[in-house]
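Below: one structure, written as structure tokens.
Residue numbers begin at 1 in each chain, while the letters A, B, ... track the order of the sequences.
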Protein chains: 2
Amino acid sequence: MVTIYDVAKKANVSAMTVSRVINNTGRISEKTRQKVKKVMEELNYVPNSMARSLVLQETKILSLLITDITNPFYTTLARGAEDAAKQYGYRLLLCNSDENLEKEKDYVDMILSTRVDGVLFAPAGDSSREHLEKLAQHNVPFVMIDREVPGISSDMIIGNSKDGARQLVEHLIGLGHRRIALINGPHEVSTARERQAGYIEALKLNGIDEDPELIAEAGYKTFDATVLLERWLRMHDRPTAVFAANNFLAVGIIRSLRNMGLRVPDDMSVVCFDDLEHVSVLEPFLTVASQPAYSFGNMGVRLLIERIRNKGANPRKIIFPAQLIIRQSSARLPSAK
Amino acid sequence: MVTIYDVAKKANVSAMTVSRVINNTGRISEKTRQKVKKVMEELNYVPNSMARSLVLQETKILSLLITDITNPFYTTLARGAEDAAKQYGYRLLLCNSDENLEKEKDYVDMILSTRVDGVLFAPAGDSSREHLEKLAQHNVPFVMIDREVPGISSDMIIGNSKDGARQLVEHLIGLGHRRIALINGPHEVSTARERQAGYIEALKLNGIDEDPELIAEAGYKTFDATVLLERWLRMHDRPTAVFAANNFLAVGIIRSLRNMGLRVPDDMSVVCFDDLEHVSVLEPFLTVASQPAYSFGNMGVRLLIERIRNKGANPRKIIFPAQLIIRQSSARLPSAK
DNA sequence: CTGTTAGCGCTTTCAT
DNA sequence: ATGAAAGCGCTAACAG
């Protein structure tokens, strides 16, 4: 491996001079600058960023910790983060917690030992609190994205889950539905609680009684909803619509409905939080509350970098609105039902 | 920042002893081991992997260089890579070239300066050759994924594009189509050439003349196919089916068709390479040649790690078959057309 | 079983 | 404008 000393020797200067031309720092005569540059080319010299990090105490690496890299929401978010990171000269370490606190914990340790300059952190749940506190204790700046964690104060970028949920449910109510089921994410996750709050608010606002039987909790990953649906469909006043708390939950519901020979929206309306990106272009089907995922990531990295530069500033909280996109999966309830 | 020396001092041992308990290396009395461990806990000591990398000349970091992180194919591939990396104790640096050679070049420089132990490399095109050569010249192991680059010999994991394309086109022919258009990726990319070869082979095998008018080249990203489609639809013997060389191209086609008021498959059959994952569950619509994306990433990282351990071994080439999945977007041609 | 020395590749500080 | 010395946090090699 060619080092700064190899370059120095060949160019008949000191290592310090080479370092200066690499970093464009200090005063250097144009002549030696050119000479050094030439030698660097000849030797195919590439600075060792690890060595640099060690002395500078900064790695120019950011961690992107998300809970599901296969979910288009996080994928688009990652793209936004990547663009911003590249723009500001940061590298991105990818961590996928898989909605799993154990994996998250492992990644936090990895993050700590990597001495990253900051973390864009989508918490797996409220119990992520200790992980976040660990980061804080080690002075690692972070910004929470997509989800809040009670007891943690930091920069934050979240969507307005409650309002988005309310819009979605009121849309269903507007179509005549009054028996609306909620298949929610884990209560451990702030967005799930908020979405349920929005759901309940919408019911209240429209004088509909909340029925605990119609509220179920699942993970935020795809799952088999068959048993759940069978229970709901056996009810004497069965639900005519389902609000799924995220896109993958909706996918699970729809698949189960299909397997049971039921059609959407004819037999059951389905709406959900988060769009399915390209999918929805293909077959504009799912009625959703869409969030600006790219901005979550892009703004997140920007906030993070500002935080790194000024650790003392007051934490900022950015709340993006959710946008109701009405498509085919929700339909007016035939009054004779 | 607490270092190995802080721990050593507080535990009344040398730094070397601490290093030994961290790495479980050498012989240490159980007593001192416990003492050191206790002090590490008390001090919240976390080893600095940068310092470690510097002396070990190995970073335990792998680069994942893909061309489009928003494409479900690469997203699933990334997931596979992430799982394998985590399993083997490697971290993953995320690089998204965006099908752009300039960005790819930047990332290669970044990769070089990061001194990663290896790269999982999905080349943006044949011109990636110089980037790959640069890696080779610097002794950075890599395995090519998804795409080949002429002139580069290395470990490789690709899909059988030619055969997949042939299957797709023969499926259309079996449905009675004889005027089949191809909307291809850039000729600069090996998969595009292979898919075209498979398309042509299928035509030949079935005695259908190839019509250059029906072959178009685009990027591998979503695009507006309106102009192209208008040209095709004006022809006296217009195509009745389109083979899109990847999923995003298909999305572009279908969106344009919809905007023009045409329906799939009634007015035009559409098939493509690469599935749209979760999407297809939602609305099993698109007929595709599906590739095992997760395995591309997972096996890729495994190959890469083996390569790192044994740089001398012969390069291996793994070719995954493509699987034809017939859904709704392709239909039998009404004979009266 | 444990400690000392030297050095990984770089930059900061202080000289010249 | 340039260089020498020291040190970032760690471990290999050797010594005891």
Side-chain angles (χ1 to χ4, degrees), chain A residues 1-37 39-40 43-61 109-117 138-140, chain B residues 1-37 39-40 43-61 89 109-110 112-117 138-140:
Chain A
M1 200 79 288
V2 20
T3 77
I4 210 172
Y5 283 99
D6 301 319
V7 176
K9 182 184 279 182
K10 182 152 183 201
N12 279 313
V13 295
S14 74
M16 224 17 248
T17 302
V18 178
S19 172
R20 285 192 182 102
V21 343
I22 294 169
N23 300 297
N24 257 307
T25 164
R27 255 171 284 289
I28 303 246
S29 79
E30 196 47 35
K31 204 176 128 210
T32 54
R33 179 201 276 345
Q34 291 311 329
K35 186 172 55 180
V36 170
K37 285 205 163 177
V39 174
M40 291 199 301
L43 261 35
N44 285 311
Y45 169 74
V46 179
N48 183 326
S49 70
M50 295 292 154
R52 195 155 197 278
S53 297
L54 192 55
V55 18
L56 258 29
Q57 302 282 51
E58 100 175 337
T59 53
K60 286 285 181 183
I61 298 180
D109 288 339
M110 181 274 260
I111 283 168
L112 251 19
S113 77
T114 307
R115 301 291 195 270
V116 302
D117 294 342
H138 285 269
N139 275 306
V140 181
Chain B
M1 201 79 286
V2 21
T3 77
I4 210 172
Y5 282 100
D6 301 319
V7 177
K9 182 185 279 183
K10 184 153 182 198
N12 280 314
V13 294
S14 75
M16 220 24 243
T17 302
V18 179
S19 172
R20 287 194 180 100
V21 343
I22 294 170
N23 300 297
N24 257 307
T25 165
R27 256 171 283 289
I28 303 247
S29 79
E30 195 49 33
K31 203 176 129 211
T32 54
R33 178 201 270 1
Q34 291 310 330
K35 185 172 57 179
V36 170
K37 285 206 164 177
V39 174
M40 290 200 302
L43 262 33
N44 285 309
Y45 169 74
V46 179
N48 183 327
S49 70
M50 295 294 154
R52 194 156 197 280
S53 297
L54 193 56
V55 18
L56 258 30
Q57 301 282 51
E58 104 178 332
T59 53
K60 286 284 180 183
I61 298 180
D109 288 338
M110 181 273 260
L112 252 18
S113 76
T114 306
R115 300 292 195 267
V116 302
D117 294 342
H138 285 269
N139 275 306
V140 180

pair A/R20-A/T32: side-chain heavy atoms closer than 4.5 Å: no

Rounded distance (Å) that lies between atom P of C/dT11 and atom CD of A/E58: 11 Å

Footprint string (nucleotides 8-14 of chain D, 5' to 3'): B base within contact, S backbone only, - free, heavy atoms under 4.0 Å: BBBSBBB

Separation of B/L112 CG from B/M110 CE (nearest 0.5 Å): 11.0 Å

N or O in side chain of B/T32 less than 4.0 angstrom from C/dT2 OP1/OP2: yes

B/N24 and B/R33, any side-chain heavy atoms less than 4.5 Å apart: yes

Flag side-chain contact, heavy atom, 4.5 Å: B/I4 against B/Y45: yes

Touch class at under 4.0 angstrom, heavy-atom based, for A/S53 against every strand present: nothing

Sub-4.5 Å side-chain heavy-atom contact between B/V13 and B/V18: yes

A/T59 side chain vs A/R115 backbone, donor-acceptor pair below 3.5 Å: yes

For atom CZ of B/R33 and atom C1' of C/dT2, their distance in whole Å: 13 Å

Under 4.0 angstrom between A/T17 side-chain N/O and D/dG3 OP1 or OP2: yes

